[in-house]
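I have placed the structure first, in the form of structure tokens, so that the comments after it can refer back to it.
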Amino acid sequence: MKALSIAATGMMAQQTNVDVISNNIANANTTGFKASRAAFQDLIYQSMQREGAVTSEAGSTRPVGIDIGMGVQTSGTVRLNTQGGMVATENQLNVAIDGRGYFSVTLPDGGTAYTRDGSFQLSPEGEIVTMQGYRVEPGMVVPENTTAVEINEQGVVMAYVENDPVPVELGQFSLTTFVNEPGMRPVGNNFLLATEASGEAQVVNPGDPGAGMIRQGYLEASNVNVIQQITDLISAQRAYEMNSKSIETADQMLSAANQIR
């Protein structure tokens with residue numbers, strides 16, 4: 001009887017499903033977070049009788065076969081890159097991407113990470129950095145005695161220094177897009193890394209075709225739909241319970257068989 005091992009794969013798959021849903025719910029208020037869902041695929045099949053096999057001397061064939069599946073396995077976690085809502089913060093260094101694209105961030109080891117979290121700050125040297133203190137590319141320094149910073153929809157950063165009515169242009173935020181965004185690897189701290197699956201990074205300017213616009217004074221909220229996640233969590237729990245019931249039933253059947261004299 002294969003039911004024990006088959007149901008066990010179902011329980012493990014639903015455990016992974018619950019883990020993914022729990023992470024989504026935990027990050028319901030994380031800036032720029034994208035929800036994920038677990039994807040599953042069936043395992044190999046054991047063929048007891050082949051479809052199309054000859055069943056008589058007259059040449060008749062079996063219309064269907066007897067194929068017993070070996071269960072299920074997790075094939076991947078798919079990140080859902082839908083747009084999150086805009087949350088007004090009134091902070092002049094907070095920016096949100098309205099559309100596709102990621103901000104590029106230089107990590108301490110010299111590598112590059114990508115993020116949708118635009119809750120930027122200033123370093124002691126006046127450089128625009130992330131909450132972790134990492135430089136946001138292309139690297140812009142706000143002068144001392146700056147009274148206001150303006151960032152337009154194309155990502156151009158301008159600073160009003162002291163009483164000068166003419167702003168100083170500091171630079172322009174660039175955005176990075178990928179052919180396969182779900183193929184990027186999450187590493188925590190709202191950062192993603194490029195992989196072979198995501199394709200090469202394509203640097204564009206905000207507002208270019210296929211790239212989003214910059215919204216100053218806003219942050220992108222998580223795209224997690226809590227109600228949907230709770231519903232999915234209940235469904236995963238019920239599926240886990242049904243697989244557990246399958247194991248219990250198979251155990252009872254084996255027990256009955258062992259008691260036959």
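All of these numbers come straight from a predicted model, not from anything done at the bench.
In terms of heavy-atom proximity, I247 sits nearest to A8 at CD1-N, 4.1 Å. Counting all heavy atoms, side chain and backbone alike, L175 lies closest to A211 at CD1-CB, 4.5 Å. The two atoms that bring L219 and V95 nearest to each other are CD2-O, 4.0 Å, heavy atoms only. The shortest heavy-atom contact between S174 and P206 is CA-CD, 4.4 Å. Pairing each heavy atom of T146 with each of A159, the nearest pair is CG2-CB, 3.8 Å. The minimum heavy-atom distance between V141 and E125, with the atom names listed, is CG1-O, 3.4 Å.
Inspection of the D19 and N23 side chains reveals no N or O donor paired with an N or O acceptor under 3.5 Å. Side-chain atoms of D42 and Y45 form a donor-acceptor pair, as typed in the model, at a separation below 3.5 Å. No side-chain donor from either of S222 and N27 sits under 3.5 Å from a side-chain acceptor of the other. A donor-acceptor contact closer than 3.5 angstrom is absent between the side chains of N225 and Q229. Side-chain polar atoms of S119 and N94 form no donor-acceptor pair below 3.5 angstrom.
For M70, the CE atom counts as densely surrounded, since its 6.0 Å shell holds more than 12 non-hydrogen atoms of other residues, nucleotides or ligands. Under a cut-off of 6.0 angstrom, the local environment of CG in N180 is crowded, with over 12 non-hydrogen atoms contributed by other residues, nucleotides or ligands.
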Would you be so kind as to tabulate the donor-acceptor pairs closer than 3.5 Å made by side chains of residues 99-107, with sequence neighbours excluded?
{"from": "R100", "atom 1": "NE", "to": "E181", "atom 2": "OE2", "distance (Å)": "2.9"}
{"from": "R100", "atom 1": "NH2", "to": "F178", "atom 2": "O", "distance (Å)": "2.7"}
{"from": "R100", "atom 1": "NH2", "to": "E181", "atom 2": "OE2", "distance (Å)": "3.3"}
{"from": "Y102", "atom 1": "OH", "to": "E181", "atom 2": "OE1", "distance (Å)": "3.1"}
{"from": "S104", "atom 1": "OG", "to": "T176", "atom 2": "OG1", "distance (Å)": "2.8"}
{"from": "T106", "atom 1": "OG1", "to": "E137", "atom 2": "OE2", "distance (Å)": "2.2"}

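Following chains of ILVMFWY side-chain contacts shorter than 4.5 Å, one can reach I151 starting from V204, so the two form part of one hydrophobic cluster. There is a path of hydrophobic side-chain contacts, each under 4.5 Å, that joins V226 to V18. A chain of hydrophobic side-chain contacts below 4.5 Å, direct or via other Ile, Leu, Val, Met, Phe, Trp or Tyr residues, connects L254 to M11. Criterion: ILVMFWY side-chain heavy atoms under 4.5 Å apart, direct or through other members. Under it, M131 and F191 are not part of a common hydrophobic cluster. Cluster annotation: V157 and V161 are assigned to the same hydrophobic cluster (Ile/Leu/Val/Met/Phe/Trp/Tyr, side-chain heavy-atom contacts under 4.5 Å, transitive).
Counting heavy atoms from C-beta outward, L122 and V129 have side chains that stay 4.5 Å or more apart. Counting heavy atoms from C-beta outward, I214 and I97 have side chains that approach closer than 4.5 Å. Looking at heavy atoms from C-beta onward, L80 lies in side-chain contact with R37 at the 4.5 angstrom threshold. Using a 4.5 Å heavy-atom threshold, the side chains of R116 and Q83 count as touching. Two residues are said to be in side-chain contact when any heavy atoms from C-beta on lie closer than 4.5 Å; F33 and V224 meet this criterion. E127 places a side-chain heavy atom less than 4.5 Å from the side chain of R135. Looking only at side-chain heavy atoms (C-beta outward), Q216 and L93 stay at 4.5 Å or farther from each other. Residues I25 and I230 form a side-chain contact, since some pair of their non-hydrogen atoms from C-beta on lies under 4.5 Å apart.
Note that the CD atom of E241 and the OG atom of S244 stand 8.0 Å from one another [nearest 0.5 Å]. For the atom pair CZ (F40) and CG (N17), the distance works out to 4.0 Å, reported to the nearest 0.5 Å. Rounded to the nearest 0.5 Å, atoms CE (M184) and CG (L192) are 4.5 Å apart. In this structure, the separation between CE on M253 and CD on E248 is 13.0 Å, given to the nearest 0.5 Å. To the nearest 0.5 Å, atoms OG1 (T31) and CG (D117) are separated by 5.0 Å. We find the CD-NZ distance between Q46 and K2 to be 4.0 Å, quoted to the nearest 0.5 Å.
Looking only at distances, no side-chain donor or acceptor of Q14 sits under 3.5 Å from a matching main-chain atom of Q237. Proximity of a side-chain donor or acceptor of T115 to a complementary backbone N or O of N190 within less than 3.5 Å is detected. With D164 contributing its side chain and Y160 its backbone, the two residues share no donor-acceptor pair below 3.5 Å.
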### Query
Going through the distances and angles, do M140 and Q172 end up as a side-chain contact (heavy atoms from CB on, under 4.5 Å)?
CA-CA 8 Å; M140 289 171 281; Q172 181 181 22; 5.9 Å; no

### Task
List the steps, then state whether side-chain contact (heavy atoms from CB on, under 4.5 Å) holds for S246 with M242.
CA-CA 6 Å; S246 296; M242 286 187 287; 5.6 Å; no

### Task
Carefully, step by step, assess K34 and E220 under the rule salt bridge (charged side-chain N to carboxylate O under 4.0 Å, His left out).
CA-CA 10 Å; K34 303 301 181 184; E220 182 185 10; 2.5 Å; yes

#### Entry: Stepwise side-chain contact (heavy atoms from CB on, under 4.5 Å) check, V136 with T130
CA-CA 7 Å; V136 181; T130 66; 3.9 Å; yes

### Task
Verify ring pair (Phe, Tyr, Trp, His ring centres under 6.0 Å) between Y134 and F120, making sure each step is shown before the conclusion.
CA-CA 10 Å; Y134 303 156; F120 299 144; over 10 Å; no

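Judged as a salt bridge (charged side-chain N to carboxylate O under 4.0 Å, His left out), and not counting sequence neighbours, E150 has no contacts.
Identified under the side chain to side chain donor-acceptor pair (under 3.5 Å) test for residues 196-209, with sequence neighbours left out: none.
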